[in-house]
Visitor: 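Have a look at the structure that comes next, please.
The first residue of the sequence shown is numbered 1, and numbering continues consecutively from there.
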Amino acid sequence: MVTSDSESAGSTERESVSIEVDGVAMVRLLGPQDRLLKVVESKFPSVEMHVRGNEITLSGDSASVESAKELVDELVTMVRGGHDLGEIEVDASAKILRGNQGSPQQLLGQTILTTRGKAIRPKTLGQAQYVDAMDNNTIVFGIGPAGTGKTYLAMAKAVQALQRKEVDRIILSRPAIEAGERLGFLPGSLTDKIDPYLRPLYDALNDMMDPELVPKLLAAGTVEVAPLAYMRGRTLNNSFVVLDEAQNTTPEQMKMFLTRLGFDSQMVITGDITQVDLPEGASGLKLVSNVLRDIDDIHFAELSSADVVRHSLVGQIVDAYTTYDAEKQRDEYNRKNRPSKRSRNHERP
C-alpha cells in the first residue's frame, strides 16, 4: 500500500510517500543493521528515508522520491520472489533503473541452479547479459577481470544443461600455464602435476553438485576435466564445453580448441586479457575477438569492474590496474613516437 502527500517549496515540489511492505521480513529487505537501506540512501542523497515497522517513508523532491520508490518496489518484488539481496544486487538494480534498461526483477531474477538451498543467479546487468548470451549462442566468449563470475556462471549453465538432458556430458578445460611459478618439478604422476591447474574447476563442480556424485560422473566420463593439450584431435558432440583462463592460449591453441566443436554442442570460453602468463604474451584470446567478432552465433560478452561480485576492493583494484596499464601504454607510445633530437636539429633552418 502506498500513500502520498505533496507540497510546493519555492520552485521545487516536495513529496512524501509511504510504502507499506506486507508479507516480507524487513531484515531481508533492509539487510542486517539496515545495510541495504544505507545503499539505497546513498543512491538518493536528497531523499530522506525512515522505517517504522513494516512501513518505509520517502521524503524529498518529487523526481528523486519517485525514482527511490521505483527502486524500493523492485527490491520488494525480488525479495518476495525468493531473491536473497546483497549490496551488489541493490547497486546493480539502481544502475539498471537509472539507465532505463528494464526491470531488475526480470534481469536478475533468473535462477540458473539451486544447490543446497542456494540459488545461483546473475548479480549484475553485465552478468545477466552474459547468461542471456549463453542461452542464445553456440559459442560465447566471457571476457573480463577477476571476480566477475565468468567461469562460475558458465559452469552453472553447463550443469543446468546436463540436468535438463540438453547435453550428454560436460567438458571443462584449462591451459596448463604457471602464473609466475615453476611447478614442473612437483612429485607424482602426470595427473598429479596437472591437478593444481584444474583445481578451481573441481571446486566449482563440488559447489554446484552433490560432492558424492561428482566422482561418479567423472569416472563415467559424463563430466571431464582435462588440460587443453588433451583436446587435440577430438570432435566434441552433445557436449557443453568450457575453456577457462583462455588468455593463456596461443593463437594456434585457440584455433585448435574452437575447431573441436561438434554437433549439438555449446562452447563458453572465459578469460582476462589483462592477466596473460604466456612467456611471449601472444594471447589467442586477444586475437580471436578480431578474427571472429562478425560471425553469427558467436557472441563476445565483455564484463567490467562493475560486474565484480567479490569484495568491493577487487573492483577498485581492477580499475587502478586498468588506469595504470593505460598510462603505461600511452607513455610507451609517446616514447617511441617522440622525434629524436637529431631529427629536430636537422629540420632547423
Side-chain angles (χ1 to χ4, degrees), residues 74-75 77-78 81-97 99-116 118-167 170-172 200-201 203-205 207-209 223 239-246 261 264-272 285 289 292-293 296-310 314-315:
E74 283 284 348
L75 298 178
T77 302
M78 292 170 73
H83 205 129
D84 293 325
L85 295 179
E87 295 181 21
I88 293 170
E89 287 87 350
V90 175
D91 182 68
S93 296
K95 290 177 180 177
I96 290 169
L97 292 173
N100 294 318
Q101 294 168 308
S103 165
Q105 158 64 17
Q106 294 178 356
L107 291 171
L108 306 181
Q110 175 187 354
T111 300
I112 302 172
L113 285 177
T114 300
T115 174
R116 304 174 197 171
K118 177 184 175 183
I120 298 177
R121 298 185 177 98
K123 293 179 177 291
T124 69
L125 177 60
Q127 289 190 353
Q129 293 169 338
Y130 177 43
V131 171
D132 185 61
M134 287 188 277
D135 286 333
N136 294 291
N137 296 274
T138 299
I139 298 178
V140 174
F141 289 84
I143 302 173
T148 51
K150 306 180 299 294
T151 304
Y152 197 78
L153 290 173
M155 293 189 64
K157 292 297 293 182
V159 173
Q160 180 192 60
L162 184 67
Q163 291 179 346
R164 292 179 174 178
K165 301 187 184 303
E166 296 170 354
V167 296
I170 297 172
I171 299 176
L172 310 172
L201 301 180
D203 290 343
L205 270 179
D207 194 31
M208 297 175 187
M209 306 178 77
V223 176
S239 304
F240 196 113
V241 190
V242 178
L243 174 62
D244 188 31
E245 297 291 337
L261 180 68
D264 299 316
S265 289
Q266 181 173 0
M267 283 183 168
V268 180
I269 298 94
T270 69
D272 177 4
L285 186 60
S289 61
L292 304 181
R293 192 170 287 275
D296 290 339
D297 212 19
I298 296 178
H299 182 87
F300 288 83
E302 297 182 359
L303 303 167
S304 69
S305 60
D307 301 301
V308 171
V309 294
R310 294 179 183 171
V314 175

Visitor: Taking only residues two or more places apart in sequence or in another chain, which ones pass salt bridge (charged side-chain N to carboxylate O under 4.0 Å, His left out) with D91?
Guide: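 D91 satisfies salt bridge (charged side-chain N to carboxylate O under 4.0 Å, His left out) with K43, K95 only.
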
Visitor: Within this structure, what is the CG-CG distance for the pair L113 and L153, rounded to the nearest 0.5 Å?
Guide: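 These two atoms lie 10.0 Å from each other.
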
Visitor: Just so I know, are the side chains of E74 and S93 near enough to count as touching, which here means a heavy-atom distance under 4.5 Å?
Guide: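 Side-chain contact under 4.5 Å: no.
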
Visitor: Is the count of non-hydrogen atoms from other residues, nucleotides or ligands lying under 6.0 Å from D296 atom CG greater than 12?
Guide: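 Counting other residues, nucleotides and ligands, CG of D296 stays at 12 neighbours or fewer.
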
Visitor: In terms of side-chain heavy atoms, does D307 have a donor or acceptor partner in T124 at a distance below 3.5 Å?
Guide: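 The answer is yes; a qualifying pair exists.
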
Visitor: Run the ring pair (Phe, Tyr, Trp, His ring centres under 6.0 Å) test against F141 and tell me which residues pass, sequence neighbours left out.
Guide: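 With neighbours one apart ignored, the set is F300.
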
Visitor: Apply the test side-chain contact (heavy atoms from CB on, under 4.5 Å) to residues I139 and L292: give CA-CA distance (whole Å), side-chain angles for both, the deciding distance (0.1 Å), then the verdict.
Guide: CA-CA 10 Å; I139 298 178; L292 304 181; over 6 Å; no

Visitor: Give a yes or no answer on whether the side chain of Q266 reaches the backbone of M134 with a donor-acceptor pair at less than 3.5 Å.
Guide: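 Yes: the side chain of Q266 pairs with the backbone of M134.
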
Visitor: Using 0.5 Å steps for rounding, measure from the CG atom of N137 to the CD1 atom of I298.
Guide: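 Output value for this atom pair is 9.0 Å.
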
Visitor: Just by distance, do the side chain of Q127 and the backbone of T148 share a donor-acceptor pair under 3.5 Å?
Guide: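 The answer is yes, because a donor-acceptor pair under 3.5 Å joins these two groups.
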
Visitor: Kindly give the heavy-atom pair with the smallest separation between G102 and L97, and that separation in Å.
Guide: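 Nearest heavy atoms, G102 then L97: O-CD2, 4.0 Å.
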
Visitor: Would you please name every residue forming a side chain to side chain contact (heavy atoms under 4.5 Å, CB included) with T115, sequence neighbours left out?
Guide: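 For T115, the residues satisfying side chain to side chain contact (heavy atoms under 4.5 Å, CB included) (neighbours in sequence not counted) are I120.
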
Visitor: Got a second to check how far L85's CG is from M78's CE, nearest 0.5 Å?
Guide: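 Nearest 0.5 Å value for the CG-CE distance: 5.5 Å.
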
Visitor: Any chance you could measure I112, atom CD1, to R121, atom CZ, to the nearest 0.5 Å?
Guide: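 The distance works out to 10.0 Å.
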
Visitor: Would you compute the distance between atom CD of Q163 and atom CE of M208 and round it to the nearest 0.5 angstrom?
Guide: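 Rounded to the nearest 0.5 Å, the CD-CE separation comes to 10.5 Å.
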
Visitor: State the CG-CD1 distance between L285 and I269, to the nearest 0.5 angstrom.
Guide: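 Output value for this atom pair is 8.5 Å.
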
Visitor: Just jot down the salt bridge (charged side-chain N to carboxylate O under 4.0 Å, His left out) partners of E89, sequence neighbours excluded, or say none.
Guide: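 For E89 the salt bridge (charged side-chain N to carboxylate O under 4.0 Å, His left out) partners, ignoring immediate neighbours, are K123.
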
Visitor: So do the side chains of V167 and S265 get within less than 4.5 Å of each other, counting heavy atoms only?
Guide: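 They are not in contact (no side-chain heavy atoms under 4.5 Å apart), so the answer is no.
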
Visitor: Can you name the side-chain hydrogen bond (donor to acceptor under 3.5 Å, both in side chains) partners of N100, sequence neighbours left out?
Guide: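 For N100, no residue satisfies side-chain hydrogen bond (donor to acceptor under 3.5 Å, both in side chains) once neighbours in sequence are set aside.
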
Visitor: So which atom in F240 and which in A154 form the shortest heavy-atom distance, rounded to 0.1 Å?
Guide: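 It is CE2-O, 3.7 Å.
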
Visitor: Assess the residue pair L108 and I96 against the criterion (side-chain contact (heavy atoms from CB on, under 4.5 Å)); give the C-alpha distance rounded to whole Å, side-chain angles, the decisive distance to 0.1 Å, and a yes or no.
Guide: CA-CA 10 Å; L108 306 181; I96 290 169; 4.1 Å; yes

Visitor: For Q105, what residues pass the side-chain hydrogen bond (donor to acceptor under 3.5 Å, both in side chains) criterion, not counting sequence neighbours?
Guide: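 Testing Q105 for side-chain hydrogen bond (donor to acceptor under 3.5 Å, both in side chains), a comparison that skips the adjacent residues, returns none.
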
Visitor: Taking side-chain hydrogen bond (donor to acceptor under 3.5 Å, both in side chains) as the definition, give me every residue that meets it alongside T77, ordered by chain and number, with sequence neighbours left out.
Guide: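 Result, side-chain hydrogen bond (donor to acceptor under 3.5 Å, both in side chains) vs T77: none returned.
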
Visitor: My understanding is that only residues two or more places apart in sequence, or in another chain, count here; which of them pass side chain to side chain contact (heavy atoms under 4.5 Å, CB included) with D272?
Guide: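 With neighbours one apart ignored, the set is P145, T274, Q275.
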
Visitor: Please list all pairs meeting salt bridge (charged side-chain N to carboxylate O under 4.0 Å, His left out) that have one or both residues in residues 139-166, counting only residues at least two apart or in different chains.
Guide: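 Those involving residues 139-166 are D135-K157, R164-E166.
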
Visitor: Is the count of non-hydrogen atoms from other residues, nucleotides or ligands lying under 6.0 Å from Q106 atom CD greater than 12?
Guide: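 No.
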
Visitor: With sequence neighbours excluded, tell me which residues meet salt bridge (charged side-chain N to carboxylate O under 4.0 Å, His left out) with D132.
Guide: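 Checked D132 against salt bridge (charged side-chain N to carboxylate O under 4.0 Å, His left out); zero matches.
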
Visitor: Could I get the full list of salt bridge (charged side-chain N to carboxylate O under 4.0 Å, His left out) partners for E302, not counting sequence neighbours?
Guide: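 If we apply the salt bridge (charged side-chain N to carboxylate O under 4.0 Å, His left out) test to E302, skipping adjacent residues, the hits are R293.
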
Visitor: With no hydrogens and no angle check, just 3.5 Å: does a side-chain donor-acceptor pair link Y152 and D207?
Guide: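 D207 and Y152 do have a side-chain donor-acceptor pair below 3.5 Å.
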
Visitor: With sequence neighbours excluded, tell me which residues meet side-chain hydrogen bond (donor to acceptor under 3.5 Å, both in side chains) with T151.
Guide: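 Listed in chain order: D244, T270.
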
Visitor: For the pair S239 (side chain) and V241 (backbone), establish whether a donor and an acceptor sit closer than 3.5 Å, ignoring hydrogens and angles.
Guide: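 No, S239 side chain to V241 backbone: no donor-acceptor pair under 3.5 Å.
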
